[in-house]
Amino acid sequence: KHTSNGEDVITITPEAREKLHTIIASQSAAVGVRVSVVRGPHGCVHGWSLEVEGERRPDDRVFTYGGLELMVEPDLVEALSDAVIDYRENATGIGFRIDVPDSVGAGGHGGHGGCGNH
């Protein structure tokens with residue numbers, strides 16, 4: 001397990017950090033939040049997800065943000081470089097958004113998803 005200040009990899013806006021703290025505090029078994037890749041049928045990156053986690057996996061990279069633990073599989077760390085996690089409540093919707101700049105990683109596909117001709 002690697003623990004570090006996550007600011008060098010992923011940015012979490014103050015709004016997202018506050019909402020994630022609230023969600024984790026409301027769930028007694030929660031230890032942190034996992035960032036995962038959403039893949040299509042051919043392994044293509046279709047997006048990213050956040051999930052409340054009850055335990056760390058032995059190979060997780062764990063990044064801390066003022067007491068908030070963000071868990072990432074080791075092979076996704078490079079793909080999440082310079083990612084921004086935000087939370088918004090406005091007229092167009094409520095929820096988290098994960099913006100991942102184009103990068104190499106996550107199976108060789110760029111961070112925004114897509115599969116070429118699949």
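By the 4.5 Å heavy-atom criterion applied to side chains, Trp48 and Val37 are counted as neighbours. Residues Tyr65 and Leu20 have side chains not in contact (no heavy-atom distance under 4.5 Å, counting atoms from C-beta outward). Residues Tyr87 and Glu18 fail the side-chain proximity criterion, which asks for heavy atoms closer than 4.5 Å. Side-chain atoms of Glu69 and Ile24, non-hydrogen and from C-beta on, never get closer than 4.5 Å to each other.
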Checklist entry - Can you list the steps and then say if Val35 with Leu70 is a side-chain contact (heavy atoms from CB on, under 4.5 Å)? => result CA-CA 7 Å; Val35 179; Leu70 192 70; 3.5 Å; yes
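Residue Arg61 holds its CZ atom at 14.0 Å from CE of Met71, rounded to the nearest 0.5 Å. Taken from NZ in Lys19 to CD in Glu89, the straight-line distance is 5.5 Å, to the nearest 0.5 Å. Taking CZ from Arg17 and OG1 from Thr11, the interatomic distance works out to 9.0 Å, rounded to the nearest 0.5 Å. Remark: Ile10 CD1 to Ile85 CD1 distance equals 5.5 Å, nearest 0.5 Å. Distance CG/Asp60 to CG/Leu76: 10.0 Å, rounded to 0.5 Å.
Counting all heavy atoms, side chain and backbone alike, Ala79 lies closest to Val100 at O-CG1, 3.1 Å. Closest of all the heavy-atom pairs between Val31 and Glu55 is CG2-N, 3.7 Å. When all heavy atoms of Gly40 and His46 are compared, the closest pair comes out as N-CD2, 3.1 Å.
Looking at Ser26, its side chain does come within 3.5 Å of a backbone N or O of Ile23 through a donor-acceptor pair.
In this structure, Glu51 places its CD atom where more than 12 heavy-atom neighbours from other residues, nucleotides or ligands lie under 6.0 Å away.
Under the side chain to side chain contact (heavy atoms under 4.5 Å, CB included) criterion, Thr13 pairs with Glu15, Ala16, Val84, Asp86, sequence neighbours left out.
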